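First the structure, in the form of structure tokens, and then the observations on it.
What you see below is based on every heavy atom in this structure, not just the backbone, and it leaves out hydrogens, waters and symmetry mates. All chains are named by letter (A, B, ...) in the order of the sequence lines, taking the proteins before the strands, and each is independently numbered beginning at 1. Just so it is clear, the structure is predicted and the values come from calculations on it, not from any experiment.
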Amino acid sequence: MEIQSFLEKIVGEQYVLAEGFEKIVYSRDASIEPPVLPDYVVRPRTIEEIQKILTFINSASHKHPIHIRCSSTSYWGGGVPTKGSIVLDLSRMNEIIEINEDTQCVTVEPGITFGELHTALEQKGYRIGESPESAYSACVGGHIASMGTGLGQYIFGNQGDQVTGLNVVLPNGSLLTTGSGALENIPKFTKWMFGPDLSGLFIGSEGILGVIVEVTLKLYTLPQAMVFATFGFENIDEAIGTIHQIQKGLFSIQYLSCFEGESFVTTYPELDWGNKAKSGIVLTVVIEGKSKEDAEIQKKRIKKDALKNDGEDLGVQFSRDVFWKNRYTWAVTRSLRKGLRSIILFHVPTKKTPLFWEETRIIGEQFGLKIGRSCQARSRHFIDYHPSIRYSEENPEEWEKVKACKNALYLRFIELGGLPCRLPGQLPASITHKFKNYLDFIRKLKSCIDPNNIMSPGKILGL
Amino acid sequence: MLNLKSEVLIDALYKCGRCSYCRGYCAETPIICPAYELTDRLEVVSPKGRLQIARHLLENSIRPSKELSLSFFLCSLCGDCKDKCIEGIDTTDVFEAIREILVEENVGIDTHSKFMGSVVQNNNPYFEPHEKRFAWLPKHLETDNPITPEYTYFVGCTSAYRRQPIAVATAEILHKANVRFTFMDEVCCGSPLLRTGHKEVAKKLAMKNIEIIAKSGVKKVITSCAGCYRTLKQDYPMLLERELPFEIIHSVELLAELIKDDRLELSDDKQIKVTYHDPCHLGRHSGVYNPPRDVLKSIPNIKFVEMSENRNNALCCGAGGGFRSGYKDLSIELAALRVSQVKKIDAEVLASSCPFCHYNLELGRDKIDKNLKVVDITELIAKRLL
Ligand SMILES: Cc1cc2nc3c(=O)[nH]c(=O)nc-3n(C[C@H](O)[C@H](O)[C@H](O)COP(=O)(O)OP(=O)(O)OC[C@H]3O[C@@H](n4cnc5c(N)ncnc54)[C@H](O)[C@@H]3O)c2cc1C
Ligand code: SF4
Ligand code: SF4
């Protein structure tokens with residue numbers, strides 16, 4: 001009770017939630033992980049409030065774990081609190097602090113959604129470099145803390161690459177500014193300073209080292225022209241062969257993905273995909289150009305690569321405006337209409353992708369599950385491979401089976417040389433010993449920055 | 001033990017993937033869930049949050065309570081979340097079903113039970129005597145009953161008691177266009193009760209109205225209220241599990257026809273800039289988007305402009321779903337938010353096609369800009385009748 005009244009004193013009574021039904025909605029994210037009720041939910045509005053909360057928790061005799069939450073669309077359990085914890089809900093911190101047209105950077109609070117940010121920026125002719133497919137609902141803070149990947153990344157790099165500075169409240173309540181903004185009177189125009197990259201400590205940190213309370217990102221002008229191309233392939237080897245060719249060329253790619261034709265085609269029943277698409281693999285590519293001609297020239301070259309790999313031009317077309325308007329309801333979100341899915345996300349060397357593809361089928365069969373297979377090239381250097389398993393939460397047995405299958409995939413993929421882009425809460429020691437030194441270093445870092453281990457305990461492999 | 005029998009409901013609750021799209025933001029819909037926005041983004045009243053709570057109710061891991069009721073009643077049932085849900089969940093259906101349970105468990109909203117009492121007693125939720133239902137009717141229209149009417153005009157409680165000029169305008173237009181129409185001794189359509197968890201009482205009203213209409217032999221029912229329209233057209237057949245022996249038409253649909261057939265002659269006036277607010281029950285709930293726009297565009301010297309939040313992306317006015325009676329201040333705040341979207345495009349007139357929207361938008365207008373005219377489309381037309 002003492003803690004509740006203290007929290008209420010900091011943020012106001014209506015911004016502390018303690019009723020069972022209220023806490024339920026903060027007990028899960030978009031992942032398959034089962035709900036865990038926190039003790040309290042606190043909804044701060046200012047940096048100072050967060051500083052006071054962390055200072056208080058750190059000095060209290062009972063140190064409640066703290067879990068940070070923006071929109072809780074995480075697919076990997078980052079938004080599921082631990083027992084007895086306090087959830088820090090940052091959705092009220094949703095303002096744009098500054099659009100700096102000189103440095104071409106935007107500074108925002110962590111709880112702003114990408115949808116809100118895009119709307120404001122587009123009115124001024126700007127965009128940010130990368131946004132997740134969950135852009136309408138996901139927040140900037142959550143995306144950075146989960147090392148987000150997404151649309152635009154192929155050209156501009158991932159969300160971490162967009163950061164030019166962060167403000168972070170550390171577990172002891174002090175405020176740290178990273179990047180050039182650390183120096184008084186200098187705008188946050190680059191994250192590179194003398195000394196190590198401190199922003200990097202918090203990118204992908206899942207909240208284990210502190211609360212990101214302000215983010216500065218690079219701005220770019222809006223795309224001029226875009227063309228769309230779709231190709232059908234008989235098998236994944238041909239499709240990946242084409243992607244590898246594309247990765248070797250210096251193309252300006254907004255979106256490049258491979259889906260199993262059978263499921264992809266039913267996701268877009270209104271379009272005429274032809275037979276090859278239905279039985280094989282569909283590759284879609286959106287090319288950005290300085291002009292329509294520039295984009296068309298790139299498309300011609302890509303088509304040549306596709307045909308060389310026995311691909312067929314499916315001829316499905318969208319205009320720049322149609323793609324741009326629908327880019328966040330285009331693939332992942334649209335396929336969700338067919339039901340819940342649990343997703344695994346691995347970065348894999350491009351040419352090895354067919355191996356992962358086949359292995360997925362084999363493991364799926366072992367578990368009696370049909371695993372959807374798709375991948376995207378969000379970089380010139382590797383593939384984002386993200387198989388997904390449909391499941392129903394109504395059926396606990398199926399739920400458990402999917403979780404077990406997911407674990408099997410994790411283990412096998414790591415063995416095959418894939419990089420788990422998001423880590424589950426636990427992995428067996430046989431796997432973690434493979435990056436023991438790396439984990440030990442993070443552990444030491446965490447114990448220095450957060451000696452009482454109050455920040456998101458357990459969220460990165462038990463750390 | 002809660003009784004959530006419906007397979008559809010159970011399916012919906014387990015389908016939610018907690019993606020949060022139903023309370024997200026994009027250029028076309030800067031605000032999806034007004035309740036979430038008005039409460040400083042309180043997840044408990046977001047559509048996704050409500051579904052999570054509903055699921056726990058279903059699983060009996062929490063019990064209904066007055067406090068929990070807030071999560072389901074602080075919602076105008078505007079349907080924007082349903083429109084945006086990527087899993088295609090009929091969210092408003094779920095919310096209505098849960099409201100019913102909460103009312104059964106005696107943890108509903110007091111103001112709702114009160115107006116329910118008035119409906120039972122007076123056939124309207126406004127505590128007005130039933131005998132005064134047609135007090136608005138001008139003498140010359142009273143005697144206008146044709147022997148073989150083609151239509152009956154279902155006036156609805158709000159036009160009958162609170163927005164009488166809309167009833168007068170509708171009747172005047174029908175009269176002028178030589179539409180053979182009559183009135184009926186109607187009772188409340190039941191919309192406010194259906195939306196607030198009093199389904200059984202609403203069913204009785206439905207049976208009563210259907211009986212009256214069926215007896216009259218009329219095959220077409222016109223209504224100028226978006227709430228009545230949705231209720232008569234969609235809810236009645238569901239409630240009574242049978243097709244209705246008559247057709248339901250909204251006044252704007254008929255107006256569009258009458259104008260197309262040159263059955264209305266309209267006078268000129270000085271040019272005004274008019275925009276249109278899509279009532280949730282007519283727009284998102286029923287898909288009627290074009291007729292009101294066709295009507296407005298056909299009025300001489302009206303410059304029709306769209307708000308950027310229009311059609312399925314229109315922001316709710318805050319009146320419906322028991323929101324106004326349950327949370328008056330928030331409801332007016334929402335109406336004011338809608339009016340501020342009108343201000344962005346500098347329209348002089350905000351037209352709509354629902355007396356309940358009209359009622360609330362006027363209150364919202366008063367908070368923002370008293371010069372903005374809030375009208376019903378029927379009023380705009382009636383003023384120009386030659
Ligand atoms: C339909 C759909 C599509 C998706 N597509 C993509 C995609 O294309 N790319 C992608 O990367 N992800 C995707 N995701 C997953 C998810 O949306 C992203 O990871 C998103 O960036 C998470 O943002 P959020 O605001 O929901 O964060 P949350 O889920 O609230 O938080 C994510 C993690 O970050 C921590 N955290 C949150 N805020 C802070 C903060 N301010 N400081 C420190 N730590 C913090 C949390 O504790 C948690 O561990 C998708 C999800 C869905 C449902
Ligand atoms: S119906 Fe409207 S107010 Fe209610 S939850 Fe959905 S979007 Fe929010
Ligand atoms: S959009 Fe649909 S599936 Fe997603 S959180 Fe909302 S109700 Fe659930």
Side-chain angles (χ1 to χ4, degrees), chain A residues 14-15 17 19-31 35 37 41 43 45 69 71-75 79 89-94 111-120 122-123 134-139 325 328-329 332-342 392-395, chain B residues 7 10-33 36-37 39-59 61-72 84-89 102 107 308-309:
Chain A
Q14 76 267 42
Y15 297 118
L17 312 177
E19 290 281 339
F21 80 91
E22 294 173 321
K23 293 186 296 191
I24 276 172
V25 299
Y26 297 89
S27 66
R28 292 193 81 178
D29 55 15
S31 73
L37 277 191
V41 177
R43 312 187 60 226
R45 175 66 198 89
R69 174 186 166 109
S71 221
S72 76
T73 60
S74 167
Y75 264 142
D89 169 19
L90 303 185
S91 56
R92 290 177 65 218
M93 297 176 75
N94 53 38
I112 190 168
T113 65
F114 286 93
E116 289 174 288
L117 180 57
H118 293 161
T119 306
E122 284 192 23
Q123 279 163 8
S134 51
Y136 289 168
S137 56
C139 298
K325 197 168 159 228
Y328 301 115
T329 46
V332 179
T333 44
R334 215 171 169 181
S335 77
L336 278 176
R337 281 182 207 167
K338 294 185 202 158
L340 294 190
R341 327 159 309 164
S342 184
S392 155
E393 293 187 353
E394 216 180 321
N395 180 344
Chain B
E7 286 290 316
I10 294 169
D11 185 51
L13 292 181
Y14 284 100
K15 233 165 111 181
C16 172
R18 303 172 297 281
C19 66
S20 299
Y21 263 51
C22 52
R23 56 153 178 73
Y25 302 84
C26 60
E28 293 77 30
T29 320
I31 297 171
I32 293 181
C33 177
Y36 179 63
E37 203 55 33
T39 53
D40 236 350
R41 306 196 176 178
L42 181 62
E43 193 81 287
V44 176
V45 299
S46 74
K48 159 181 146 181
R50 299 180 212 276
L51 289 181
Q52 300 311 304
I53 297 172
R55 185 165 146 184
H56 281 258
L57 279 171
L58 168 74
E59 290 168 350
S61 54
I62 43 170
R63 294 289 310 149
S65 67
K66 272 269 176 204
E67 293 73 34
L68 179 148
S69 275
L70 163 120
S71 177
F72 293 95
K84 306 295 179 294
C85 172
I86 54 177
E87 301 272 2
I89 298 172
L102 294 172
V107 291
S308 55
E309 305 79 3

Which one, [options], leads in non-hydrogen pairs under 4.5 Å with chain B?
options: A/Ser72, A/Ala138, A/Ser392, A/Ala135; answer: A/Ser72
options: A/Gln14, A/Glu22, A/Arg28; answer: A/Arg28
options: A/Arg45, A/Glu116, A/Gln123; answer: A/Glu116

Taking every heavy-atom pair that is under 4.5 Å apart, which of [options] has the most such pairs with chain A?
options: B/Ala27, B/Pro30, B/Cys22, B/Ser61; answer: B/Ala27
options: B/Lys84, B/Glu28, B/Arg55; answer: B/Arg55
options: B/Asp40, B/Ile53, B/Val44, B/Asp11; answer: B/Asp40

[X] versus chain A, the contacting section by heavy-atom distance below 4.5 Å:
X: B/Lys48; result: side chain
X: B/Leu42; result: both
X: B/Ser46; result: neither

Has the side chain of [X] got a donor or acceptor atom that lies under 3.5 Å from a matching backbone atom of [Y]?
X: B/Arg18; Y: A/Ser31; answer: yes
X: B/Arg41; Y: B/Tyr36; answer: no
X: B/Ser65; Y: B/Leu68; answer: yes

**Asked** Which answer fits A/Leu17, side chain, backbone, both or neither, if we ask what part of it has an atom under 4.5 Å from a heavy atom of chain B?
**Response** side chain
**Asked** Between A/Phe114 and chain B, which part of the residue has a heavy atom less than 4.5 Å away: side chain, backbone, both or neither?
**Response** neither
**Asked** Are any of the side-chain heavy atoms of A/Phe21 and B/Glu67 separated by less than 4.5 Å?
**Response** yes
**Ring geometry between A/His118 and A/Tyr328 (parallel below 30°, tilted from 30 to 60°, perpendicular above 60°)** = parallel
**Request:** Answer yes when A/Lys23 and A/Glu19 have at least one side-chain N-carboxylate O distance shorter than 4.0 Å, and no when they do not.
**Result:** no
